[in-house]
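One structure is given below, encoded as structure tokens.
Lettering follows sequence order; numbering is per chain, from 1. These values consider heavy atoms only, across backbone and side chains, with no hydrogens, waters or symmetry-generated copies.
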Amino acid sequence: MSELAMDAGGSPADGAPAAGEPYILNIGPQHPSTHGVFRLRVSMDGERIVDMDMIVGYLHRSMEKLAEERTYTQNIPFTDRADYLAAMSGNLGLCLAAERLAGVEVPERASVLRVIFAELQRIASHAMGNGTLVSDAGAWQTPLLYMFRERERILDLFEMTCGARLTTNYMRIGGVAFDPPPEFFPMLESLVDDLPSRVDEYVELLAENEIFLARTRGVGVIPAADAINGSLTGPQLRGSGVPWDLRKAEPYSGYERYDFEIPVGSAGDVYDRFMVRMEEVRQSTRIIRQALDALPPGPHKTEVPLALRPEPGEVYGRVEGPRGEVGFYLVADGGPAPYRFHLRAPSLINLSLLRSLAVGASLPDAVVTLGSLDIVVGEIDR
Amino acid sequence: MPPGPRQLGGERVGSALEAALPGSVVESHPEWVVVSPGRLVEALGWLRDSEEFDAAQLSNLCAVDYHSYFEVIYHLQSLDLNHQIVLKARTTSREDVAVPSACSVYRGALLQEREAYDLMGVRFDGHPDLRRLFLWEGYPGHPLRKDFLQVEGHHPGLPRFPFEEPGVQSR
């Protein structure tokens with residue numbers, strides 16, 4: 001580099017930045033580690049992250065505005081397309097909120113079917129979340145595709161019940177759309193029988209793998225107080241050791257009748273969040289088994305008017321989705337469509353602490369941390 | 001509307017708030033408390049730190065356009081005592097739509113306030129990084145407002161379901 005260029009503050013001739021001067025790295029919008037159309041603009045000093053900004057909105061479809069022109073039932077498909085890896089949880093959240101708003105009763109069989117499908121969805125979503133996390137940590141695709149075996153069987157069950165694998169649109173205000181076909185139950189039984197041993201397999205494959213431990217232990221640590229103050233929910237909060245689960249704290253659809261535990265982590269690092277999800281798959285299997293035993297005969301739906309007109313009022317209904325608290329804040333003005341429809345998106349709110357987690361970390365650690373927060377971009381952008 | 005299963009009555013929260021911070025409560029409703037915007041941050045901080053209410057987490061924040069004013073709704077959650085508190089702040093007009101930012105009390109408000117600013121145009125004074133979240137800088141207007149792109153003669157919302165007939169049941 002010539003002295004003249006140095007005096008003028010120019011860069012070295014080879015184009016590399018001068019020492020200490022941060023450079024900007026764009027990760028995404030299209031990048032495997034961002035799990036969707038999600039962009040991180042990172043200021044780097046060597047391998048260290050100096051500053052980070054997340055740029056979202058590439059998938060914004062203005063759902064909350066569109067929902068104000070549609071009836072409550074017509075809004076159920078939006079919840080499929082918000083968190084497209086957990087459509088059933090979104091369906092359930094909206095239906096419970098609308099039912100509370102309109103005072104609709106749900107038959108017992110429908111409640112149990114809802115629990116079965118919501119827990120199946122949790123297993124499918126955790127398989128995807130943990131599978132992509134492991135991919136981010138370097139076990140490229142193999143464990144992900146192992147976990148896809150179970151997810152595939154769950155999606156087959158969804159398909160035979162409601163015709164769709166991803167955007168299920170299965171639940172209705174007052175129940176569920178269809179009763180599962182007779183061949184559903186033997187297939188579900190065999191899946192539930194297989195799941196515990198499969199989870200053991202994955203834990204054996206990954207939880208003691210030296211590379212995986214090196215990449216995840218002590219990385220992306222969120223202390224419990226920060227997780228609570230940063231509005232984190234779901235496995236992201238429980239990984240930090242806070243036993244908070246809406247299925248226990250505010251039981252809906254008869255969750256109080258099922259015997260299950262809330263797995264929690266201790267260190268609040270990426271590894272703990274991974275293990276919490278793995279353990280939740282076991283607990284969900286327990287719930288499904290109990291729900292299958294408890295499934296009563298009877299109608300799967302109550303008749304509600306095509307255009308439901310709840311009394312003016314407002315409601316905040318919420319369920320424990322795979323990513324945390326899926327909340328629906330609905331304001332009714334007496335018309336057939338909600339006056340205001342707000343979806344509390346756990347994927348977005350769980351990113352509140354991302355910047356403080358990433359600054360000071362190395363780039364590979366930040367990628368694994370983002371993976372452990374298990375985002376779904378459809379839900380972030382809505 | 002009955003309050004939520006684990007929701008604290010607004011009167012109880014309102015009277016405790018009024019006793020601790022005189023002049024902060026505008027209205028106590030069975031389901032919620034309306035707080036004056038000027039005292040909002042104080043009220044949130046007091047609820048978070050009080051042993052009786054222990055509102056440790058801001059679980060949801062969103063804004064609603066009521067034509068003559070805007071409302072910002074705070075759903076607060078106590079994890080230890082397992083109850084929910086609903087707090088509201090109202091702006092006085094459509095012109096100067098601003099409430100103080102809750103970020104100094106709850107870091108979970110960072111992105112939720114940016115979202116409300118972007119889509120509803122509520123300014124959160126004191127937010128460390130108030131930018132649009134989904135739309136780009138320079139986007140005209142705030143889409144969730146009721147007067148956004150309002151065409152003469154067309155009223156937003158759905159007054160009547162297109163095939164709605166009395167007595168028609170869903171299948």
request  = Give a yes-or-no answer on whether the side chains of S231(A) and R107(B) include a donor-acceptor pair shorter than 3.5 Å.
outcome  = no
message = Looking at chain A, which one of A56(B), A109(B), S59(B) has the largest number of heavy-atom pairs inside 4.5 Å, strictly under?
response = S59(B)
message = If we define contacts as heavy-atom pairs under 4.5 Å, which of L110(B), L135(B), L133(B) has the most with chain A?
response = L133(B)
Donor-acceptor check, side chain of [X] to backbone of [Y], threshold 3.5 angstrom: yes or no?
| X | Y | answer |
| --- | --- | --- |
| N229(A) | Y106(B) | no |
| K65(A) | R145(B) | yes |
| E31(B) | G313(A) | no |

Structural part of [X] lying under 4.5 Å from a heavy atom of chain B:
| X | answer |
| --- | --- |
| A332(A) | neither |
| L308(A) | neither |
| V56(A) | both |
| D245(A) | neither |

request  = Step by step, work out the ring-ring contact (aromatic ring centres under 6.0 Å, His included) result for Y339(A) and Y66(B).
outcome  = CA-CA 9 Å; Y339(A) 181 79; Y66(B) 283 109; 5.6 Å; yes
inquiry  = Walk me through whether Y316(A) and I73(B) qualify under side chain to side chain contact (heavy atoms under 4.5 Å, CB included).
reply    = CA-CA 11 Å; Y316(A) 179 64; I73(B) 299 107; over 6 Å; no
Non-hydrogen side-chain atoms of K146(B) and E68(A) separated by less than 4.5 Å = yes
key: Cationic N near anionic O, under 4.0 Å, R340(A) to E71(B)   = no
ask   = Is R355(A) paired with D129(B) through a side-chain N to carboxylate O contact shorter than 4.0 Å?
value = no
note = With chain B, the option among I380(A), L59(A), V242(A), N350(A) that has the most non-hydrogen atom pairs under 4.5 Å is I380(A)
request  = Locate the shortest heavy-atom distance separating L232(A) from Q57(B); write the atom from each residue and the value.
outcome  = O-NE2, 2.8 Å
Contact summary for C62(B) and Y329(A), nearest pair of heavy atoms = SG-CD2, 3.4 Å
